[in-house]
Amino acid sequence: MHIALFLLLALTLFATPKCSDFTLPDHTTQLLVVTSKDWNTSTAQLTLFEKNSINQWQKSGTKFKVMIGRNGLGFGQGECLYEKAEVVKREGDGKAPAGVFEIGSLFGQFPVESAYTMQLMSKNHHCVDDSQSQYYNQIINATKIEKEYHSYEMMQRNDHQYDYGFTVAHNKQNLKNHGSCIFLHLLKTDTSPTAGCTAMKKSDMSTLISHLNPQKHPLLIQLPKHLWHDWKKVFLQGE
């Protein structure tokens, strides 16, 4: 088991490019950029970028406040590996993942019009955050599997945070203790940080639901401002 895990980790590291060598895919024409003051703050700003008709990145006009992890940011498992990471994301650390991530699926409690196909969640849907489980970092229907996990999030919640949301493709290899169940979802209150997700007002979520398009292959970039200042020179040439 330990050998298999080591080989999986080695293959993952080999296959994932360094952030210094990473370029945005040509088919990605939408970006969500979340920037925080530093690694430790729980407040941040989200800005939506989109490519125009001459293939240049421009701000779409969408910019709003979001709340991130109660302990700020830690570099996560995304589309590139940052070798100079000051803080690394781990399971249960209260940090939102920093880096570059694919936007996954739209989920929620009620149907909504969107370019995304929506996955409706029931009381039987769980997101597993038990690192020892074979279902770690996955949303499953508990009635359709043998429940062998001991820790999970209910995907149908009474506090309405998951009424609408998007999954974030963080830790796609489901590596143990590297973080799980990362979403864009609704705020609990205007000042409530999260356990590691990125939360926003319902009106701002509605903007994303109506604007994001899976055919534009949107990516989420989350970084402290000082790091984004350096990265955007490469990522957003022409902005």
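Computed from heavy atoms alone, side chains included, the values below leave out hydrogens, waters and symmetry copies.
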Step-by-step side-chain contact (heavy atoms from CB on, under 4.5 Å) determination, Q138 to N174: CA-CA 8 Å; Q138 300 172 57; N174 304 328; 3.7 Å; yes
Derivation of the side-chain contact (heavy atoms from CB on, under 4.5 Å) call for L31 and L236: CA-CA 10 Å; L31 291 177; L236 302 187; 3.5 Å; yes
side-chain contact (heavy atoms from CB on, under 4.5 Å) assessment of N52 paired with W57: CA-CA 6 Å; N52 61 21; W57 286 104; over 6 Å; no
Intermediate values then yes/no, side-chain contact (heavy atoms from CB on, under 4.5 Å), Q132 and Y149: CA-CA 7 Å; Q132 303 306 311; Y149 50 89; over 6 Å; no
H178 and Q173: CA distance, side-chain angles, deciding distance, side chain to side chain donor-acceptor pair (under 3.5 Å) verdict: CA-CA 10 Å; H178 280 69; Q173 298 296 327; over 6 Å; no
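At a threshold of 4.0 Å, the pair E50-K59 does not count as salt-bridged, since none of the basic side-chain nitrogens sits closer than that to a carboxylate oxygen.
In this structure, L187 is not a member of the same hydrophobic cluster as L208, with clusters built from ILVMFWY side-chain heavy atoms closer than 4.5 Å. L212 and F110 fall within the same hydrophobic cluster, where Ile, Leu, Val, Met, Phe, Trp and Tyr residues are linked whenever their side-chain heavy atoms come under 4.5 Å apart, directly or through other members. With hydrophobic clusters built from ILVMFWY side chains whose heavy atoms lie under 4.5 angstrom apart, V128 does not share a cluster with I139. Clustering ILVMFWY residues whenever any of their side-chain heavy atoms sit less than 4.5 angstrom apart, transitively, puts F166 in the very cluster that holds L32. Neither I54 nor F49 shares a network with the other; the hydrophobic side chains, linked directly or stepwise wherever heavy atoms of I, L, V, M, F, W or Y lie under 4.5 Å apart, form separate groups for each.
Sorted by first and then second residue, the disulfide bond (SG atoms under 2.5 Å apart) pairs involving residues 138-174 (not counting sequence neighbours) form an empty list. Applying the ring pair (Phe, Tyr, Trp, His ring centres under 6.0 Å) rule to pairs touching residues 73-96 yields F75-Y82, Y82-W231, sequence neighbours excluded. Listed by first then second residue, pairs satisfying side-chain hydrogen bond (donor to acceptor under 3.5 Å, both in side chains) with a partner in residues 18-29 number zero, not counting sequence neighbours. Here salt bridge (charged side-chain N to carboxylate O under 4.0 Å, His left out) pairs that include residues 157-174, with residues two or more places apart or in two chains, are E79-K172, E102-K172, E153-R157, R157-D159. Sorted by first then second residue, the disulfide bond (SG atoms under 2.5 Å apart) pairs that include residues 41-71, not counting sequence neighbours, number zero. Applying the salt bridge (charged side-chain N to carboxylate O under 4.0 Å, His left out) definition to pairs two or more places apart or across chains, none involves residues 116-136. Under the disulfide bond (SG atoms under 2.5 Å apart) criterion, the residue pairs touching residues 77-166 are C19-C80, C127-C181, with sequence neighbours excluded. For residues 88-119, no pair satisfies disulfide bond (SG atoms under 2.5 Å apart), with sequence neighbours left out.
Side-chain N/O atoms of N177 and S131 include a donor and acceptor closer than 3.5 Å.
With S192 contributing its side chain and K188 its backbone, the two residues share no donor-acceptor pair below 3.5 Å. Not a single donor-acceptor pair under 3.5 Å links the side chain of N124 to the backbone N or O of T143. No donor-acceptor pair closer than 3.5 Å links the side chain of S42 to the backbone N or O of G72.
A search for side chain to side chain contact (heavy atoms under 4.5 Å, CB included) contacts involving E148 returns S133, Q134, Y135, not counting sequence neighbours. Annotation: side chain to side chain contact (heavy atoms under 4.5 Å, CB included) contacts of A44 (sequence neighbours excluded): V34, S36, V66, I68. The ring-ring contact (aromatic ring centres under 6.0 Å, His included) search around F107 returns Y162, F183, not counting sequence neighbours.
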Pairs under 3.5 angstrom only: tabulate donor-acceptor contacts from the side chains of residues 83-91 to other protein residues two or more places apart or in another chain.
from : atom 1 : to   : atom 2 : distance (Å)
E86  : OE1    : W39  : NE1    : 3.2
E86  : OE2    : W39  : NE1    : 3.3
K89  : NZ     : D93  : OD1    : 2.8
K89  : NZ     : K95  : O      : 2.6
E91  : OE1    : Y136 : OH     : 2.6
E91  : OE1    : S180 : N      : 3.2
E91  : OE1    : S180 : OG     : 2.9
E91  : OE2    : S180 : OG     : 3.3

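Nearest heavy-atom pair, I209 versus Y164, reported as atom, atom and distance to 0.1 Å: CD1-CB, 3.9 Å. Minimum heavy-atom separation, T41 to D38: N-OD1, 2.9 Å. Between K225 and T35, the closest heavy-atom pair is CG-CB, 3.9 Å. The shortest heavy-atom contact between M121 and M155 is CB-O, 3.6 Å. Contact between T194 and A199 at its shortest, heavy atoms only, is CG2-CB, 3.7 Å. Closest approach of P97 and G196 over heavy atoms only: CD-O, 3.4 Å.
Atom CD in Q30 sits 12.5 Å away from atom CG in L220 (nearest 0.5 Å). Distance check, rounded to the nearest 0.5 Å: CG of L184 to OG1 of T198 gives 6.0 Å. With rounding to the nearest 0.5 angstrom, the NZ atom of K63 is 11.5 Å from the CG atom of L48. In this structure, the separation between CG on N40 and CG on L73 is 9.0 Å, given to the nearest 0.5 Å. Between I140 atom CD1 and K147 atom NZ the span is 8.5 Å, to the nearest 0.5 Å. Annotation: the span from H185 atom NE2 to M67 atom CE amounts to 11.0 Å, rounded to 0.5 Å.
A side-chain contact (heavy atoms from CB on, under 4.5 Å) with F64 holds for exactly one of Q45, M205, M200; it is M200.
Counted within 6.0 Å of NE2 on H226, heavy atoms from surrounding residues, nucleotides or ligands total more than 12; the atom is thus considered enclosed.
Ring planes of F101 and H170: perpendicular class, angle over 60° (limits at 30 and 60°).
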